[in-house]
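First comes the structure, then the notes that go with it.
In what follows, residues are counted from 1 in the order of the sequence shown. Quick note: numbers below take in every heavy atom, side chains included, and nothing from hydrogens, waters or symmetry partners.
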Amino acid sequence: QVQLVESGGGLVQPGGSLRLACAAAPSIFRVKDMGWYRQAPGKQREQVAAITTRGYTSYGDSVKGRFTISRDNAKNTMYLQMNSLKPEDTAVYYCNAGGLYLSGVYLQGDTWGQGTQVTVSS
């Protein structure tokens, strides 16, 4: 049973914008904190942003001020608005659910989406 489905990736020029979406099963979305992660070739997966069911958000240092995470409760969907994109933002972006916030830090859960490729290049 597919529980998280990402969409919205693609090719964009430096300085451009993209919006990623993660559609979640209602049983997950309504009760789980969620987050976005990314993994570039040859690098470890890193946390990009996370959001609680009540809307508290946190961001990785490399995306603060450029990316915005949000969730639409009516659509059971989480979003990642990415602005001022840089080549170093190129990665596969993954949706994650079921994690735990501890001292303001999101610790990843066990549920992952399949990933969506974001490529920033001229």
Side-chain angles (χ1 to χ4, degrees):
Q1 181 180 358
V2 177
Q3 296 182 310
L4 299 173
V5 179
E6 299 101 332
S7 62
L11 173 65
V12 63
Q13 292 187 343
S17 298
L18 280 176
R19 189 177 77 157
L20 305 183
C22 173
S27 59
I28 289 178
F29 189 86
R30 293 170 186 169
V31 298
K32 300 294 187 181
D33 297 340
M34 300 178 69
W36 286 99
Y37 287 74
R38 67 185 181 187
Q39 187 166 22
K43 294 188 177 181
Q44 289 188 331
R45 188 173 294 187
E46 67 169 337
Q47 186 180 118
V48 176
I51 187 168
T52 68
T53 55
R54 297 185 177 184
Y56 172 84
T57 61
S58 58
Y59 296 91
D61 289 341
S62 62
V63 306
K64 283 180 181 177
R66 300 188 298 123
F67 291 11
T68 303
I69 190 172
S70 62
R71 56 196 297 162
D72 186 330
N73 294 334
K75 297 182 178 179
N76 294 320
T77 300
M78 177 178 67
Y79 299 98
L80 185 68
Q81 177 66 44
M82 305 185 295
N83 299 328
S84 302
L85 282 162
K86 305 175 181 179
E88 51 263 44
D89 294 318
T90 296
V92 178
Y93 284 70
Y94 297 92
C95 177
N96 175 262
L100 173 68
Y101 259 96
L102 186 64
S103 299
V105 178
Y106 179 76
L107 306 179
Q108 69 187 46
D110 295 331
T111 304
W112 293 91
Q114 82 286 355
T116 185
Q117 177 69 47
V118 171
T119 302
V120 184
S121 175
S122 55

- prompt: Taking all atoms of both residues into account, what is the closest heavy-atom pair of Asn83 and Ser17, and its distance?
  reply: OD1-OG, 2.9 Å

- line: Between Leu80 and Val48 the two heavy atoms that sit nearest each other are CD2-CG1, 4.0 Å

field: Set of residues satisfying salt bridge (charged side-chain N to carboxylate O under 4.0 Å, His left out) with respect to Arg19, sequence neighbours excluded
entry: none

message: One thing to verify: whether Lys64 and Asp61 come together as a salt bridge, which I'm taking to mean a side-chain N less than 4.0 angstrom from a carboxylate O.
response: yes

statement: Closest heavy-atom pair, Arg71 versus Ile51, reported as atoms and distance to 0.1 Å, is NH1-O, 3.6 Å

query: With under 30° as parallel and over 60° as perpendicular, where do the rings of Tyr37 and Tyr106 fit, or are they tilted in between?
result: tilted

message: Students often mix this up, so state it plainly: with edges at 30° and 60°, are the rings of Phe67 and Tyr93 parallel, tilted or perpendicular?
response: tilted

- request: Treat each ILVMFWY residue as a node, draw an edge where side-chain heavy atoms are under 4.5 Å apart, and state whether Tyr79 and Leu18 are in one component.
  value: no

query: What distance separates Asp89 CG from Ser121 OG, expressed to the nearest 0.5 Å?
result: 12.5 Å

field: All side-chain hydrogen bond (donor to acceptor under 3.5 Å, both in side chains) counterparts of Asp33, not counting sequence neighbours
entry: none

- prompt: How long is the gap from CZ on Arg66 to CE on Met82, to the nearest 0.5 Å?
  reply: 9.5 Å

query: Just how far is it from atom CD of Gln117 to atom CG of Leu11, taken to the nearest 0.5 Å?
result: 9.5 Å

statement: On a heavy-atom basis, the closest approach of Leu4 and Thr111 is CD1-O, 3.4 Å

statement: All heavy atoms of Pro26 vs all of Asn76, minimum pair found to be CG-ND2, 3.3 Å

query: With hydrophobic residues grouped by side-chain heavy-atom distances under 4.5 Å, do Val118 and Met78 end up in a single group?
result: yes

- prompt: Rounded to the nearest 0.5 Å, what separation is found between the NZ atom of Lys43 and the CD atom of Glu88?
  reply: 8.0 Å

task: Please check if Val120 and Trp36 belong to a single hydrophobic cluster, counting links between Ile, Leu, Val, Met, Phe, Trp and Tyr side chain heavy atoms closer than 4.5 Å.
output: yes

- prompt: Got a second to check how far Leu100's CG is from Gln108's CD, nearest 0.5 Å?
  reply: 12.0 Å

task: Would you kindly confirm whether Leu20 and Val12 end up in one hydrophobic cluster when ILVMFWY residues are joined by side chain heavy atoms under 4.5 Å apart?
output: yes

query: Checking side-chain contact (heavy atoms from CB on, under 4.5 Å) for the pair Val63/Arg38: CA distance, chi angles, key distance, verdict?
result: CA-CA 12 Å; Val63 306; Arg38 67 185 181 187; 4.0 Å; yes

field: Exam field: side chain Glu6 to backbone Cys95, donor-acceptor pair closer than 3.5 Å
entry: yes

message: Would you compute the distance between atom CG of Asn96 and atom CD of Gln47 and round it to the nearest 0.5 angstrom?
response: 8.5 Å

- prompt: Would Ile69 and Met34 count as a side-chain contact (heavy atoms from CB on, under 4.5 Å) if you check the C-alpha gap in whole Å, the side-chain angles of each, and the deciding distance to 0.1 Å?
  reply: CA-CA 10 Å; Ile69 190 172; Met34 300 178 69; over 6 Å; no

- prompt: If you look at every heavy atom in Ala91 and Gln39, which pair is closest and at what distance?
  reply: CB-O, 3.4 Å

task: Begin from the C-alpha positions of Tyr59 and Thr68 and carry the test side-chain contact (heavy atoms from CB on, under 4.5 Å) through to its verdict.
output: CA-CA 8 Å; Tyr59 296 91; Thr68 303; 3.8 Å; yes

